[in-house]
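Down below is the structure, laid out as structure tokens.
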Number of protein chains: 2
Amino acid sequence: MPKPPGEAESKRAKAVAERRALILEAAVSCFLEKGYHQTGVRDIARQAGVSLGNLYNHFPGKHDVLVEIAALERDEMTQFLEIFARPAAAGVVLGDFLRAYGLYLAQPENVLLAIEITSEALRKPDIGERFMANRFEIVGALEAVLRRGIEDGEFRAMPNPHQMSHLIVDMLDGGAYQSILSEADMSKLLEDIEDFVFAAVRRH
Amino acid sequence: MPKPPGEAESKRAKAVAERRALILEAAVSCFLEKGYHQTGVRDIARQAGVSLGNLYNHFPGKHDVLVEIAALERDEMTQFLEIFARPAAAGVVLGDFLRAYGLYLAQPENVLLAIEITSEALRKPDIGERFMANRFEIVGALEAVLRRGIEDGEFRAMPNPHQMSHLIVDMLDGGAYQSILSEADMSKLLEDIEDFVFAAVRRH
DNA sequence: CTCAGTTGAACGAACGATCGTTCATAGTTT
DNA sequence: AAACTATGAACGATCGTTCGTTCAACTGAG
């Protein structure tokens, strides 16, 4: 009985999708624990409870596993774009974003994974491009909020809102990175970040 | 004529020191080009024009090569501590530090090397400890300047000068990192960083 | 100053382990 | 039967490290 194309997924197709997800999940856990280059394809397969050869039925190679993970990680970023669409005062939106993004970065696994991805992106452009593009979207949206705040007189006139929004995101990321290395608590950093940012953008 | 102990180094000792330096230099260049884990010990030896076995006469292993590089890199940081000792107004010292550290970070090789080191430090504590300790020294000195500026009425009363100084350094580092990934120019970011920081700390 | 004796730098073959990937084969669904 | 997923052995390459050996530089006794 050949399947009509538009119908519900076959049992097999669904099982395959689950397998893929399982492998990706296992890969993430390995990359977090040992890092990308220290993780062997066998580690991923073992962790996923899948044979070595079978992994290559689902992914062309190790590199492509990371590419897919990077794509998933990138999609996680879109949740923050929603914040910028809210019809609230610029200061409120800015605060909401700082807290939301800060909370996201307070989970070390998010930061560690981003480090692995960006670290690999330094030398493998195909990983970085889309990952970076999404970051630029956030920076762009943040810049728009800054400009709106300036127009409304809520924020000071700053020389370069685009660079400013870059710096704000950089500070969040840098803080998260350092909070891992020094075993500090990112969530405790959050209110200081808010204070710092608002002091920098608010009208004197 | 037997050499008195305190005299100039023997030919051999000098040659050895040069060899070590040569190997370290080669390792840095390899790590910059390919990254630590993608670099093989043979790559380093070849680049240094030294045999594989001989490299192990100078270093216990690959890991120790990176440890030594990290130590050298760490020592580079002490140049910034000198700035904080200057007897100038807090705002002047802060500006001098921002420019000096920013200029240092404008050289991509400094940033890339720091990334390799800190990235490895995530999983090998012996690399990170001293490297981080030095960073804390800088943050500590910066914090002292902030406190001095607050006392003098030059800076606003901020809730947590320690965290603030952390965030300033994080922003510089993050900006440098992103300027590499997005192929932007760090030195052009510098004046915006100055503007951002001073807007955040100056008395309104 | 000479010269046997000691040291340790230099070398590259070799080791065992592991790397990412391929493949022939077996099993399962459609 | 055709089409697929699953398996783990096998492949060649490369990994970090060790090894035995060679030889130039240094040492101290004569």
Side-chain angles (χ1 to χ4, degrees), chain A residues 1-24 26-27 30-31 33-69 120 123-124 126-127, chain B residues 1-24 26-27 30-31 33-69 120 123-124 126-127:
Chain A
M1 189 221 299
K3 287 277 157 189
E7 209 177 330
E9 296 177 333
S10 69
K11 269 191 243 169
R12 179 178 275 188
K14 174 175 253 178
V16 164
E18 278 172 10
R19 279 285 215 226
R20 270 185 70 94
L22 201 65
I23 292 171
L24 285 174
C30 287
F31 294 163
E33 190 196 351
K34 309 172 53 169
Y36 175 68
H37 288 288
Q38 293 91 311
T39 295
V41 183
R42 286 162 185 81
D43 296 325
I44 302 174
R46 193 184 315 118
Q47 176 88 5
V50 160
S51 75
L52 175 60
N54 191 21
L55 192 150
Y56 281 86
N57 287 331
H58 293 279
F59 297 93
K62 183 189 178 187
H63 176 80
D64 308 85
V65 174
L66 186 63
V67 168
E68 188 126 341
I69 290 175
E120 188 65 8
R123 250 125 358 204
K124 304 277 174 64
D126 63 327
I127 288 184
Chain B
M1 192 222 296
K3 290 278 161 187
E7 213 180 326
E9 296 174 332
S10 69
K11 269 192 235 166
R12 180 180 271 189
K14 174 175 252 175
V16 165
E18 278 171 11
R19 280 288 215 221
R20 270 185 71 95
L22 201 67
I23 292 171
L24 285 174
C30 286
F31 294 162
E33 190 196 351
K34 310 172 55 172
Y36 175 69
H37 287 289
Q38 292 92 309
T39 295
V41 183
R42 286 165 185 77
D43 297 325
I44 303 174
R46 193 184 314 118
Q47 175 88 6
V50 159
S51 76
L52 176 59
N54 191 22
L55 193 149
Y56 281 88
N57 287 329
H58 293 278
F59 297 93
K62 184 189 179 187
H63 175 79
D64 308 84
V65 174
L66 185 63
V67 168
E68 188 126 341
I69 289 175
E120 188 65 10
R123 271 144 202 133
K124 305 278 174 63
D126 62 327
I127 289 184

Short side-chain N/O contact to C/dA10 OP1/OP2 from B/Arg19, under 4.0 Å:
yes
Examine D/dT5: is either OP1 or OP2 under 4.0 Å from a nitrogen or oxygen in the side chain of A/Asn54? Give yes or no.
no
How would you list, by chain and number, every residue that makes a salt bridge (charged side-chain N to carboxylate O under 4.0 Å, His left out) with B/Arg42, sequence neighbours excluded?
none
Here the distance between atom C1' of D/dA6 and atom CG of A/Leu22, to the nearest Å, is 14 Å
In whole angstroms, how far is the P atom of D/dA6 from the CD atom of A/Glu18?
11 Å
Quick one: A/Lys14 NZ to C/dT30 P, roughly how many Å, whole number?
13 Å
Is any side-chain N or O of B/Ser51 closer than 4.0 Å to OP1 or OP2 of C/dC11?
yes
Give a yes or no answer on whether the side chain of B/Lys34 reaches the backbone of B/Gly40 with a donor-acceptor pair at less than 3.5 Å.
no
Results of salt bridge (charged side-chain N to carboxylate O under 4.0 Å, His left out) for A/Arg46 - residues two or more places apart only
A/Asp43
In 5'-to-3' order, the base (B), backbone-only (S) or no-contact (-) status of each nucleotide in nucleotides 11-24 of chain D, using a 4.0 angstrom heavy-atom cut-off, is ----BBBB-----B
Length of the line joining B/Leu55:CG and C/dG8:C1', which is rounded to integer Å:
16 Å
Test ring-ring contact (aromatic ring centres under 6.0 Å, His included) applied to A/Tyr36 - qualifying residues, sequence neighbours left out:
A/Phe31
Write down the distance between CZ (B/Arg20) and C1' (C/dA9), rounded to a whole number of angstrom.
13 Å
Under the salt bridge (charged side-chain N to carboxylate O under 4.0 Å, His left out) test, which residues partner A/Arg19, sequence neighbours left out?
none
Who are the salt bridge (charged side-chain N to carboxylate O under 4.0 Å, His left out) partners of B/Glu33, not counting sequence neighbours?
none
